[in-house]
Amino acid sequence: MTNDPKSNDIFLRACKGESVSRPPVWMMRQAGRYMPEYRALRAQYGILDMIKNPELAAEVTLQPIHAFPLDAAIIFADILTLLEPMGLQLEFISGKGPVFHNPIRETSDVTALKSIDARRDLGFTLEAIRLTRERLAGKVPLIGFSGAPYTLACYAIEGGGSKDFDQVRAWMYAHPNAWASLMDKLTDAVTVYLLGQIESGAQAVQLFDSWAGSMSQADYRRHAAPWTRRIFETLAREAPGIPRIHFSANGGHLLEAVAEMPVDVLSLDWRVDAKAAIDKLGAHRVYQGNLDPARLLASDAAVIEGVREVKQAFAGAKAHIFNLGHGIIKTTPTDRVRLLIEEARKPIE
Ligand code: CP3
């Protein structure tokens with residue numbers, strides 16, 4: 001990639017901790033409803049129809065790349081599609097979000113979960129990755145992703161969204177053996193899925209642990225971290241050159257446990273103080289984050305101020321990948337996205 005003048009590998013170089021002239025920029029959920037081009041397609045197709053059609057998924061992945069000078073693409077998919085071939089019936093209900101019609105209730109429901117074959121069961125996303133790589137033609141790298149086992153377990157047990165997934169932790173404490181078995185099965189599925197994505201052309205992978213923050217650090221270490229670690233260890237062994245990114249939302253109290261993972265990049269949510277995190281975890285790491293996505297709804301000045309603060313705060317780290325502290329909000333004006341990227345791309349004084 002480096003020899004092609006049209007190619008941009010600043011994101012991959014930052015992931016590996018190489019020194020770069022400016023922070024690379026991408027945004028979690030960058031393909032989505034804040035874009036008019038996305039909404040136009042979405043008026044014709046359901047979200048799952050779009051994800052399961054490789055042509056459409058590739059097109060949506062490329063929409064933000066065509067619209068903005070981003071340094072990476074992320075494949076258009078969803079963390080929840082992995083649970084369908086395991087036997088959980090998924091539906092996205094408008095105004096309500098994702099719903100599983102047969103969530104895990106009894107320990108026997110865990111026994112009934114099927115193992116997956118990524119090529120057979122999630123081939124639509126693997127094909128979308130191949131198509132997207134072809135169409136990107138080296139312009140920017142493509143990121144693959146999955147949910148972390150704990151966050152997937154949250155949806156599988158709760159059957160949908162929840163404020164803090166109390167029922168999930170209750171189930172975990174009540175059925176420790178079935179919990180371990182559920183986490184084993186999710187870990188195997190996530191591992192084959194991510195290896196399939198890498199084989200199909202994903203050049204870096206991110207695990208989204210969106211609900212990790214609902215646990216104490218002690219419980220996170222006992223009931224979630226060992227499985228997430230196993231995934232990263234397998235990837236490190238089987239796909240050593242592919243950068244591994246860990247994202248946890250609301251995870252300020254989990255930083256030490258998360259930092260023990262064999263990953264290249266730690267992605268922090270906006271509640272975490274970047275300077276304090278670097279003091280605690282060390283400047284020898286690569287960090288990603290962590291602008292509060294709400295700033296994009298406020299004003300141009302709020303965006304510029306926030307971007308400068310974030311860049312300044314991470315300036316002491318080995319490398320910094322500029323991102324939001326969580327997914328972009330659907331009412332975000334596209335002009336503010338443009339402003340964010342322009343400001344983030346300026347070299348740090
Ligand atoms: O980042 C990207 O551009 C890639 C696409 C992507 C989607 N989902 C598409 C999507 C990614 C990375 C995800 C991850 C995801 N999905 C997470 C982890 C990240 C996070 O935000 O914490 C989670 C928890 C989910 C589960 C999920 N998917 C929920 C709770 C919802 C409904 C809530 C909502 O925002 O509507 C979705 C739907 C979804 N996934 C949409 C998109 C673009 C919106 C669906 C639509 O078009 O109506």
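Computed from a predicted model, the values in this text were never measured in an experiment. Both counts, for ligands and for their atoms, begin at 1 and track the order of listing. Quick note: residue numbers are just sequence positions, from 1. Reckoned from all heavy atoms, side chains included, excluding hydrogens, waters and symmetry mates.
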Under 3.5 Å, side chain of Glu233 to main-chain N/O of Pro262, donor-acceptor pair present? no
Is a donor on one side and an acceptor on the other found under 3.5 Å between the side chain of Lys311 and the backbone of Lys346? yes
Value for OG1 (Thr132) from CD (Glu55), rounded to nearest 0.5 Å, stands at 9.5 Å
Using the test side-chain contact (heavy atoms from CB on, under 4.5 Å), find all partners of Arg29 that sit at least two apart in sequence or belong to another chain. Ile328
Does the side chain of Val140 come within less than 4.5 Å of Phe11's, by heavy atoms? no
Which protein N or O atoms sit under 3.5 Å from any N or O of ligand 1? Give atom names and distances.
from: ligand 1; atom 1: 1 (O); to: Arg29; atom 2: N; distance (Å): 2.7
from: ligand 1; atom 1: 3 (O); to: Gln30; atom 2: N; distance (Å): 3.1
from: ligand 1; atom 1: 3 (O); to: Ala31; atom 2: N; distance (Å): 2.9
from: ligand 1; atom 1: 3 (O); to: Ala31; atom 2: O; distance (Å): 3.4
from: ligand 1; atom 1: 8 (N); to: Arg29; atom 2: NE; distance (Å): 3.4
from: ligand 1; atom 1: 8 (N); to: Asp78; atom 2: OD1; distance (Å): 3.0
from: ligand 1; atom 1: 16 (N); to: Arg29; atom 2: NH2; distance (Å): 3.4
from: ligand 1; atom 1: 16 (N); to: Asp78; atom 2: OD1; distance (Å): 3.0
from: ligand 1; atom 1: 16 (N); to: Asp78; atom 2: OD2; distance (Å): 3.4
from: ligand 1; atom 1: 21 (O); to: Arg29; atom 2: NH2; distance (Å): 3.3
from: ligand 1; atom 1: 21 (O); to: His326; atom 2: NE2; distance (Å): 3.2
from: ligand 1; atom 1: 22 (O); to: Ser210; atom 2: OG; distance (Å): 2.5
from: ligand 1; atom 1: 22 (O); to: His326; atom 2: NE2; distance (Å): 2.6
from: ligand 1; atom 1: 28 (N); to: Asp78; atom 2: OD1; distance (Å): 2.6
from: ligand 1; atom 1: 35 (O); to: Arg33; atom 2: NH2; distance (Å): 2.7
from: ligand 1; atom 1: 36 (O); to: Arg33; atom 2: NH1; distance (Å): 3.1
from: ligand 1; atom 1: 36 (O); to: Arg33; atom 2: NH2; distance (Å): 2.8
from: ligand 1; atom 1: 40 (N); to: Asp78; atom 2: OD1; distance (Å): 2.7
from: ligand 1; atom 1: 47 (O); to: Tyr38; atom 2: OH; distance (Å): 2.6
from: ligand 1; atom 1: 47 (O); to: Arg42; atom 2: NE; distance (Å): 2.7
from: ligand 1; atom 1: 48 (O); to: Arg42; atom 2: NE; distance (Å): 3.2
from: ligand 1; atom 1: 48 (O); to: Arg42; atom 2: NH2; distance (Å): 2.8

What one should report as the nearest heavy-atom pair of His284 and Lys318 is O-CD, 3.1 Å
